[in-house]
Amino acid sequence: SQQGEEDPQALSIQEGENATMNCSYKTSINNLQWYRQNSGRGLVHLILIRSNEREKHSGRLRVTLDTSKKSSSLLITASRAADTASYFCATGVQGGSEKLVFGKGTKLTVNP
Amino acid sequence: SAVISQKPSRDICQRGTSLTIQCQVDSQVTMMFWYRQQPGQSLTLIATANQGSEATYESGFVIDKFPISRPNLTFSTLTVSNMSPEDSSIYLCSVGLGGAGELFFGEGSRLTVL
């Protein structure tokens, strides 16, 4: 079964605005990761946050993790049309191997 | 990072036939993962392929339907057997490099079953 649940399922914004996507999960985790998928393509890793971290930045990306609420958020600042893609959170389970469990994803559309 | 090549990138198949998808990695990796992404859906792990041992399948997936080979540390194949339209999906190969846990993905193989 899916571990993560993203919301919203779809998000449409204007270029230059910020986009926030949320992810909730159910079990204890080692880390939480965010991936991006352009239409019909493979996934690209964006950022990883460990279970003992609360916030992480990478360029225009900001990820937060709240293990007490079993939730994470991905913020993309100053969005661009090229950010249009689906974004998935994925969790690495404690005691597990490298395998990840993916959420349902948020489809982001950035309008020029 | 890792560069992963998948073949075929897409195919259209007839019901009842089988198709083998190949995954080639540019470096040696211990584990390779096969995921399925049904239309408009998220990724579901099919199995983990370890070199030198049988693949480990997730609940709902069986070896007879999705046989996997892993002959060496850079290559794996996934076969989708006796296909039906419900098997129409993108099949993705991925690898981890044993570090932080991030995965690298191939571009996927888009399979349409008529």
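Order of the sequence lines sets the chain letters (A, B, ...), proteins ahead of strands, with each chain counted from 1. As a basis for the values below, the full set of heavy atoms in this structure was taken, side chains included, without hydrogen atoms, waters or symmetry mates.
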Discussion item. For B:Tyr35, which atoms come within 4.5 Å of any heavy atom of chain A: side chain, backbone, both, or neither?
Written reply: side chain
Worksheet item: Do A:Gln33 and B:Glu102 have side chains that get closer than 4.5 Å, going by heavy atoms?
Response: yes
Discussion item. Would you say CD of A:Glu15 has more than 12 non-hydrogen atoms from neighbouring residues, nucleotides or ligands within 6.0 angstrom?
Written reply: yes
Worksheet item: Given the rule that I, L, V, M, F, W and Y join up when any side-chain heavy atoms are under 4.5 Å apart, are A:Val110 and A:Tyr87 in one cluster?
Response: yes
Fill in: Shared hydrophobic cluster, B:Leu111 / B:Ile68 (ILVMFWY, side-chain heavy atoms < 4.5 Å)
yes
Discussion item. Ignoring hydrogens, what is the shortest heavy-atom contact between A:Phe88 and B:Gln37? Give both atom names and the distance.
Written reply: CZ-NE2, 3.7 Å
Worksheet item: Checking heavy atoms, do the side chain of B:Leu92, its backbone, both or neither come under 4.5 Å from chain A?
Response: side chain
Discussion item. So A:Tyr35 and B:Leu103, do their side chains get closer than 4.5 Å, heavy atoms only?
Written reply: yes
Worksheet item: Can B:Leu19 be reached from B:Leu78 by stepping across I, L, V, M, F, W or Y side chains whose heavy atoms are under 4.5 Å apart?
Response: yes
Discussion item. Check for me, please, whether A:Trp34 and A:Ile29 land in the same ILVMFWY cluster - side-chain distances under 4.5 Å, paths through other members count.
Written reply: yes
Worksheet item: Is the number of heavy atoms from other residues, nucleotides or ligands under 6.0 Å of A:Arg54 CZ greater than 12?
Response: yes
Practice prompt. Give, for atom CZ of B:Phe105 and atom CZ of A:Arg41, the distance between the pair rounded to the nearest 0.5 Å.
Written response: 14.5 Å
Worksheet item: By a 4.5 Å heavy-atom criterion (distance strictly below it), what part of B:Glu58 contacts chain A: side chain, backbone, both, or neither?
Response: side chain
Worksheet entry | Minimum side-chain heavy-atom gap A:Leu43-B:Leu43 below 4.5 Å | yes
